Amino acid sequence: MTSRFSLDHRLPSDHLARTLRHDVRTGLQGPHKSLPPKWFYDARGSKLFEQITRLPEYYPTRAERRILEVHAGEIARLTRAHTLVELGSGSSGKTRLLLDALTAETSLERYAPLDVSPSALRAAGEAICREYPSLRVAATVADFEAELPVPPAGGPRLIAFLGSTLGNLDLPQRTAFCAALRASLTDGDALLLGVDLVKEPDVLVAAYDDAAGVTADFNRNVLHVLNRELGADFDPEAFDHRAVWNTEEERIEMRLRSRSAQTVRIPALGLTAGFGLHEELRTEISVKFRRTRLVRELARSGFAVRHWWTDRKQRFALLLAVPV
């Protein structure tokens with residue numbers, strides 16, 4: 001089995017530490033405080049997110065999985081991919097539906113997951129080697145926001161970017177990401193993209209502000225990460241969780257609102273951050289898409305959408321796009 005699994009470290013050993021310091025320094029010193037959502041996901045945050053995916057209010061994971069259950073075979077027949085590349089693979093849970101379909105088509109030879117976590121890649125990769133004896137797993141430790149090391153050989157390649165992770169990027173970031181991805185693809189390759197769709201604001205807000213308070217704990221977890229990694233003295237309970245629908249941008253914004261005027265010290269950066277009463281720290285954006293707008297956006301980056309599938313309630317979409 002070990003001969004079929006490889007792990008390529010593309011990140012310097014201090015990459016995450018340097019990136020965290022940069023993000024905190026720039027994000028907490030501007031007039032509108034913000035942090036990228038990647039810092040939710042330490043071990044505790046990842047467990048909390050797994051709980052979120054099982055909550056009744058949080059529909060995206062179930063909706064995307066249902067689409068894959070119905071259409072994975074069709075995706076396999078359309079792409080006949082020899083290599084499946086997954087960006088931000090994590091535990092590779094939903095990916096097994098694609099692996100089952102592609103191996104049934106006898107075309108798939110290699111699974112190439114990309115993630116920032118070597119432990120998650122190793123655990124998932126070794127499990128997949130056991131479950132799929134004919135498959136090679138070539139995992140890469142990489143940060144796709146900084147670099148997109150798509151394996152250059154083994155085509156045709158299917159690039160899977162699931163979970164509506166694209167929605168965590170604002171328009172300039174999405175444009176740069178899609179352009180970089182398009183530059184790495186060639187004829188015969190395809191992109192499988194999962195996106196959450198615009199719908200009633202009350203449904204969207206509930207998905208990010210559940211009655212049990214799990215998402216609130218998940219949101220505050222970023223403050224625990226800063227305390228541990230940078231020696232900060234945030235009191236997570238001094239911040240209220242908020243999920244807000246931004247009508248103009250058509251996105252959910254997760255925020256932490258300061259319950260009082262306070263000053264937080266971050267010794268590792270030699271930095272103090274002041275928060276006024278009810279001042280907010282934005283911790284995540286989650287853009288929701290409309291078909292026409294997204295098709296046009298992808299076209300500007302050199303992709304043509306060939307297929308578009310939704311769940312029964314049209315809450316979530318999977319689309320198959322090709323480079324043109």
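One is the number of the first residue; the rest follow in order along the sequence. The model shown is predicted, which means the values in this text are computed figures rather than measured ones.
- For the pair Lys33/Glu279, a side-chain contact is recorded, criterion being any heavy-atom separation below 4.5 Å from C-beta on.
- Interatomic distance, CG of Leu271 versus CD of Gln29, reported as 4.5 Å (0.5 Å rounding).
- Proximity of a side-chain donor or acceptor of Gln173 to a complementary backbone N or O of Asp170 within less than 3.5 Å is detected.
- At least one donor-acceptor pair closer than 3.5 Å links the side chain of Asp189 to the backbone N or O of Thr186.
- Residues Arg282 and Glu280 are not paired through a salt bridge, judged by the lack of any N-O separation under 4.0 Å between the basic side chain and the carboxylate.
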Would Arg174 and Glu297 satisfy side-chain contact (heavy atoms from CB on, under 4.5 Å), going step by step from the backbone distance to the final call?
CA-CA 9 Å; Arg174 293 197 306 274; Glu297 189 176 308; 2.7 Å; yes
Let's go through Leu102 and Thr79 carefully: what are the C-alpha distance in whole Å and the side-chain angles of both, what is the deciding distance for side-chain contact (heavy atoms from CB on, under 4.5 Å) to 0.1 Å, and is it a yes or a no?
CA-CA 9 Å; Leu102 286 164; Thr79 61; 4.0 Å; yes
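- Dense packing is recorded around CZ of Arg300, with more than 12 heavy atoms of other residues, nucleotides or ligands lying under 6.0 Å away.
- Considering every non-hydrogen atom in both Pro267 and Gly231, the closest pair reads CD-O, 3.0 Å.
- Between Glu253 and Arg242 there is no salt bridge, since none of the side-chain N atoms of the basic residue sits less than 4.0 Å from a carboxylate O of the acidic one.
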Start with the C-alpha gap between Arg290 and Leu197, add the side-chain angles, then the distance that decides, and say whether side-chain contact (heavy atoms from CB on, under 4.5 Å) holds.
CA-CA 6 Å; Arg290 297 182 187 272; Leu197 303 177; over 6 Å; no
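- Of the N and O atoms on the side chains of Gln262 and Ser258, at least one donor lies less than 3.5 Å from an acceptor on the other residue.
- A salt bridge links Glu131 to Arg96: at least one charged side-chain nitrogen sits closer than 4.0 Å to a carboxylate oxygen.
- The pair Arg62-Asp311 does not count as a salt bridge, with every side-chain nitrogen at least 4.0 angstrom from each carboxylate oxygen.
- One finds the CG atom of Leu281 at 13.0 Å from the CZ atom of Arg257 (value rounded to the nearest 0.5 Å).
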Show the numbers, then the answer: is there a side chain to side chain donor-acceptor pair (under 3.5 Å) between Thr140 and Asp8?
CA-CA 5 Å; Thr140 304; Asp8 179 18; 4.6 Å; no
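- In this structure a side-chain-to-backbone donor-acceptor pair under 3.5 Å is present from Ser107 to Ala81.
- You'll find the side chain of Trp245 reaches within 4.5 Å of the side chain of Glu250, heavy atoms only.
- We find the CG-CG distance between Leu193 and Leu298 to be 6.5 Å, quoted to the nearest 0.5 Å.
- Within the model, atoms OG1 of Thr310 and CG of Leu318 stand 9.5 Å from one another, a figure rounded to the nearest 0.5 Å.
- Ring geometry, Phe177 versus Phe161: the interplanar angle falls from 30° to 60°, so the pair is classed tilted.
- Looking only at distances, a side-chain donor or acceptor of Arg80 sits under 3.5 Å from a matching main-chain atom of Glu105.
- Side-chain rings of Phe40 and Phe49 stay apart, their centers remaining 6.0 Å or farther from each other.
- By the 4.5 Å heavy-atom criterion applied to side chains, Val305 and Leu320 are not counted as neighbours.
- Looking only at side-chain heavy atoms (C-beta outward), Ile252 and Lys288 come within less than 4.5 Å of each other.
- Atom CG in Leu204 sits 13.0 Å away from atom CD in Glu57 (nearest 0.5 Å).
- Val225 and Tyr41 fall into different hydrophobic clusters, where Ile, Leu, Val, Met, Phe, Trp and Tyr side chains are chained together by heavy-atom contacts under 4.5 Å.
- Shown here is Arg293, whose CZ atom has more than 12 heavy atoms of other residues, nucleotides or ligands within 6.0 Å.
- Side-chain atoms of Leu226 and Arg228, non-hydrogen and from C-beta on, never get closer than 4.5 Å to each other.
- Between the side chain of His241 and the main chain of Asn219, no donor-acceptor pair closer than 3.5 Å is present.
- Taking OG1 of Thr26 as the reference point, atom NE2 of His22 lies at 4.5 Å (rounded to 0.5 Å).
- With hydrogens and angles left out, the side-chain atoms of Ser286 and Tyr208 include a donor and acceptor closer than 3.5 Å.
- Here the closest non-hydrogen pair linking Pro113 and Ala138 is CD-O, 3.7 Å.
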Could you go through the salt bridge (charged side-chain N to carboxylate O under 4.0 Å, His left out) check for Glu229 and Arg21 one step at a time?
CA-CA 9 Å; Glu229 299 297 329; Arg21 288 169 177 253; over 6 Å; no
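- A single hydrophobic cluster is seen to contain both Leu269 and Val222, as judged by linkage of ILVMFWY side chains at heavy-atom distances under 4.5 Å, directly or through other members.
- Taken together through direct or relayed side-chain contacts under 4.5 Å among Ile, Leu, Val, Met, Phe, Trp and Tyr, Leu16 and Val24 form part of one hydrophobic cluster.
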Evaluate Tyr59 against Lys199 for side chain to side chain donor-acceptor pair (under 3.5 Å), listing each step before the verdict.
CA-CA 12 Å; Tyr59 61 86; Lys199 58 187 66 66; 2.9 Å; yes
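- Taking the six-membered ring where the residue is Trp, the centroids of Phe289 and Phe316 are separated by 6.0 Å or more.
- Between the side chain of Arg182 and the backbone N or O of Gly302 there is at least one donor-acceptor pair closer than 3.5 Å.
- Of the charged side-chain nitrogens involved, at least one lies within less than 4.0 Å of a carboxylate oxygen, so that Glu69 and Arg66 count as a salt-bridged pair.
- Ring-centre distance between Phe239 and Phe275: below the 6.0 Å cut-off.
- Using a 4.5 Å heavy-atom threshold, the side chains of Leu181 and Leu191 count as touching.
- No donor-acceptor distance shorter than 3.5 angstrom exists from the side chain of Asp196 to the backbone of Val287, with no hydrogens or angles considered.
- Other residues, nucleotides and ligands contribute at most 12 non-hydrogen atoms within 6.0 Å of the CG atom of Asp187.
- Within the 4.5 Å cutoff, the side chain of Leu84 has heavy atoms near those of the Leu98 side chain.
- Judged by distance alone, with hydrogens and angles left aside, the side-chain atoms of Arg259 form a donor-acceptor pair with the main-chain N or O of Glu237 at under 3.5 Å.
- Residues Val85 and Leu11 do not share a hydrophobic cluster, defined by chaining ILVMFWY side chains whose heavy atoms lie under 4.5 Å apart.
- Under the 3.5 Å distance criterion, the side-chain polar atoms of Asp42 are matched with a main-chain donor or acceptor of Gly45.
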Quick one: do Asn227 and Asp233 satisfy side chain to side chain donor-acceptor pair (under 3.5 Å)? Show the steps, please.
CA-CA 6 Å; Asn227 287 348; Asp233 62 357; over 6 Å; no
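- For Glu147 and Arg10, the salt-bridge test passes: some basic side-chain N is under 4.0 Å from an acidic carboxylate O.
- When the side chains of ILVMFWY residues are joined at heavy-atom separations under 4.5 Å, either directly or via intervening members, Val195 and Val198 end up in two distinct hydrophobic clusters.
- If you check the side chains of Thr215 and Asp210, you find a donor sitting under 3.5 Å from an acceptor.
- Side-chain N or O atoms of Thr272 include none that pairs as donor or acceptor with a backbone N or O of Val264 at under 3.5 Å.
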What do the steps show when you test Leu87 against Thr165 for side-chain contact (heavy atoms from CB on, under 4.5 Å), and what is the final call?
CA-CA 9 Å; Leu87 307 181; Thr165 306; over 6 Å; no
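- Using a 4.5 Å cut-off on side-chain heavy atoms (C-beta onward), Leu135 and Glu109 make no contact.
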